Amino acid sequence: MTDGVRLLRFFLGANTPQGFVSRFDQLEREKDGWETHIIKGGPGSGKSTLMKRIARAAEGPGETVEEIYCSSDCGSLDGVIIHNRRFSVADGTPPHLLEPKCPGAYDSILNLCSCWNAEKLRARRGEIMALSRRISSLHAQSTRFLSAYAALAGENRMFALECTDTEKIREHAARLAAREMRRRSGHTPHEDIRFLSGITDRGIFVFEETARTLAERIYIIEDDCGAASRILLFELRRLALSRGYDIISCFCPVEPDEKLEHLFIPALSLGFMTSNRRHPLSLTPYRVLHARRFTDTEALRRHRQRLSFSRKMGAQMLEKSAACLKEAKALHDELEAHYIAAMDFAALDSFAEKTIRELLG
């Protein structure tokens, strides 16, 4: 990475108890003069490689490059966002299913299908379709294990919520905001939604380096049950927006619409992150906030056997879910091999160079 470039890594799609959840709607910024370029092509046809080449070509002092990774394959890109040049490039194939809304005016398609030999793929039709079905089946199994995990974790959260002083949490959030967030005027705040963590073929994966890039001061909220951290983070989110700050809200892949897991305020180099037994954080905190300061621990202790059982069973469900994703990744590599064998890489290289010239000048 070139000196002076700020590199951020996130997920915009998540493996969840409801199946795959996409937040690729976050790429749509028509009003701000942005453009989106949607790549169409098969597995192994060079989508991720093209995006990596675009990201490297866009590097320069002061540039912010955001790499969006695949939650089912942490080594593969699903998208890149080049902030200063105001454009994004994203994989538009399933499960993302991106389509242009204003073709040519705001968004466009980059078609890699022109770089393959369709006859070779048709000759492997049986193998390709069989692999695709097996991969889909494994993802469905992974989803069922995640659903079981979510039920167990949800029960623990409800036990903890019954013992949590919500008013005390809101008062603490107000004090934090008064100390850390001086009011800004003349700025309409913007919220970016991301996943900093993902349930992947490697288990739970967190882009900690992105957190270090966004924030010099990070408050870590230690919360195994997820009741106190949820309330605190949503209150801090509300307060930050009301004070005029742009924020990055990172949701939990287990509850992608309801549970805020991490919050960043880049203008203040400030972050708030949740840490627990499932994904303990290794970064050095500015300060640590313990959920127990807001919890009646004696009352919660009465549920300790049920809490322990749910944690233990939940850990097994997460392991089984990750094992399914790992097996699906291995089959996906086999699927990619069929497409790689059918690709004209000279044509692909020429296509990539032409695309980079058009995007970057």
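Side chains are part of it too, since the values below use all heavy atoms of this structure and drop only hydrogens, waters and symmetry mates. For clarity, every value in this text was computed on a predicted model and none was experimentally measured.
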Can you tell me if [atom1] on [X] sees more than 12 non-hydrogen neighbours from other groups inside 6.0 Å?
| X | atom1 | result |
| --- | --- | --- |
| E358 | CD | yes |
| R311 | CZ | yes |
| K40 | NZ | yes |
| R302 | CZ | no |
| R53 | CZ | yes |
| R125 | CZ | no |
| K52 | NZ | yes |
| R182 | CZ | no |

| Intermediate values then yes/no, salt bridge (charged side-chain N to carboxylate O under 4.0 Å, His left out), R237 and E191 | CA-CA 9 Å; R237 170 182 177 263; E191 179 182 33; 2.6 Å; yes

Can any side-chain N or O of [X] pair as donor or acceptor with the backbone N or O of [Y] at less than 3.5 Å?
| X | Y | answer |
| --- | --- | --- |
| S108 | P103 | no |
| R243 | M181 | yes |
| T295 | A291 | yes |
| S350 | A346 | no |
| S147 | T143 | no |
| T200 | R202 | yes |
| S310 | R306 | yes |
| K326 | G203 | no |
| H262 | G271 | no |

| Do Q316 and Y149 have a side chain donor and acceptor closer than 3.5 Å? | no

Taking atom [atom1] of [X] and atom [atom2] of [Y], what is their separation to the nearest 0.5 Å?
| X | Y | atom1 | atom2 | result |
| --- | --- | --- | --- | --- |
| L176 | L289 | CG | CG | 6.5 Å |
| N276 | C225 | CG | SG | 9.5 Å |
| D201 | C74 | CG | SG | 5.5 Å |
| L12 | R194 | CG | CZ | 5.0 Å |
| E235 | F272 | CD | CZ | 12.0 Å |
| H190 | D246 | NE2 | CG | 7.0 Å |

Is there a side-chain contact between [X] and [Y], using heavy atoms and a 4.5 Å cut-off?
| X | Y | result |
| --- | --- | --- |
| T16 | V254 | no |
| L331 | E334 | yes |
| D296 | D165 | no |
| S72 | N15 | yes |
| I68 | L77 | no |
| R230 | D223 | no |
| H37 | S88 | no |
| L161 | I231 | yes |

| M317 and L146: side chain to side chain contact (heavy atoms under 4.5 Å, CB included), yes or no, with the steps? | CA-CA 7 Å; M317 295 301 101; L146 284 179; over 6 Å; no

Taking all heavy atoms of [X] and all of [Y], pick out the closest pair and write down the distance.
| X | Y | value |
| --- | --- | --- |
| S229 | K259 | OG-NZ, 4.4 Å |
| E99 | I38 | C-CD1, 3.6 Å |
| E261 | S197 | OE1-OG, 2.6 Å |
| L196 | A211 | CD2-CB, 4.5 Å |
| S142 | S321 | OG-OG, 2.8 Å |
| F264 | A215 | CD2-CB, 4.3 Å |

Is it true that [X] and [Y] fall in one hydrophobic cluster, defined by side-chain heavy atoms closer than 4.5 Å?
| X | Y | answer |
| --- | --- | --- |
| L300 | M158 | no |
| Y286 | L239 | no |
| M313 | I199 | yes |
| L318 | L138 | yes |
| F351 | I109 | no |

Answer yes when [X] and [Y] have at least one side-chain N-carboxylate O distance shorter than 4.0 Å, and no when they do not.
| X | Y | value |
| --- | --- | --- |
| E209 | R9 | no |
| E298 | R301 | yes |
| R56 | E67 | yes |

| field | salt bridge (charged side-chain N to carboxylate O under 4.0 Å, His left out) between E255 and R157, intermediate numbers included | value | CA-CA 12 Å; E255 297 180 74; R157 186 180 67 255; 2.9 Å; yes

| request: Would you please test E66 and R6 for side chain to side chain contact (heavy atoms under 4.5 Å, CB included) and show each step? | output: CA-CA 8 Å; E66 195 171 338; R6 188 171 73 147; over 6 Å; no

| task | Might you work through the ring pair (Phe, Tyr, Trp, His ring centres under 6.0 Å) test for F20 and H96, ending with a clear yes or no? | result | CA-CA 9 Å; F20 183 82; H96 319 113; 5.7 Å; yes

| task | Among F207, Y69, F251, find the residue that satisfies the ring pair (Phe, Tyr, Trp, His ring centres under 6.0 Å) test when tested with F11. | result |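 Per the ring pair (Phe, Tyr, Trp, His ring centres under 6.0 Å) rule, the option paired with F11 is F207, out of F207, Y69, F251.
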
| request: Start with the C-alpha gap between L112 and K47, add the side-chain angles, then the distance that decides, and say whether side chain to side chain contact (heavy atoms under 4.5 Å, CB included) holds. | output: CA-CA 8 Å; L112 300 186; K47 300 187 299 293; 3.8 Å; yes

| message | Aromatic contact between F87 and W34, with the criterion being ring centroids under 6.0 Å apart: yes or no? | response |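 F87 vs W34: aromatic centres not under 6.0 Å.
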
| said: Let's go through L263 and I247 carefully: what are the C-alpha distance in whole Å and the side-chain angles of both, what is the deciding distance for side chain to side chain contact (heavy atoms under 4.5 Å, CB included) to 0.1 Å, and is it a yes or a no? | reply: CA-CA 7 Å; L263 176 70; I247 63 173; 4.0 Å; yes

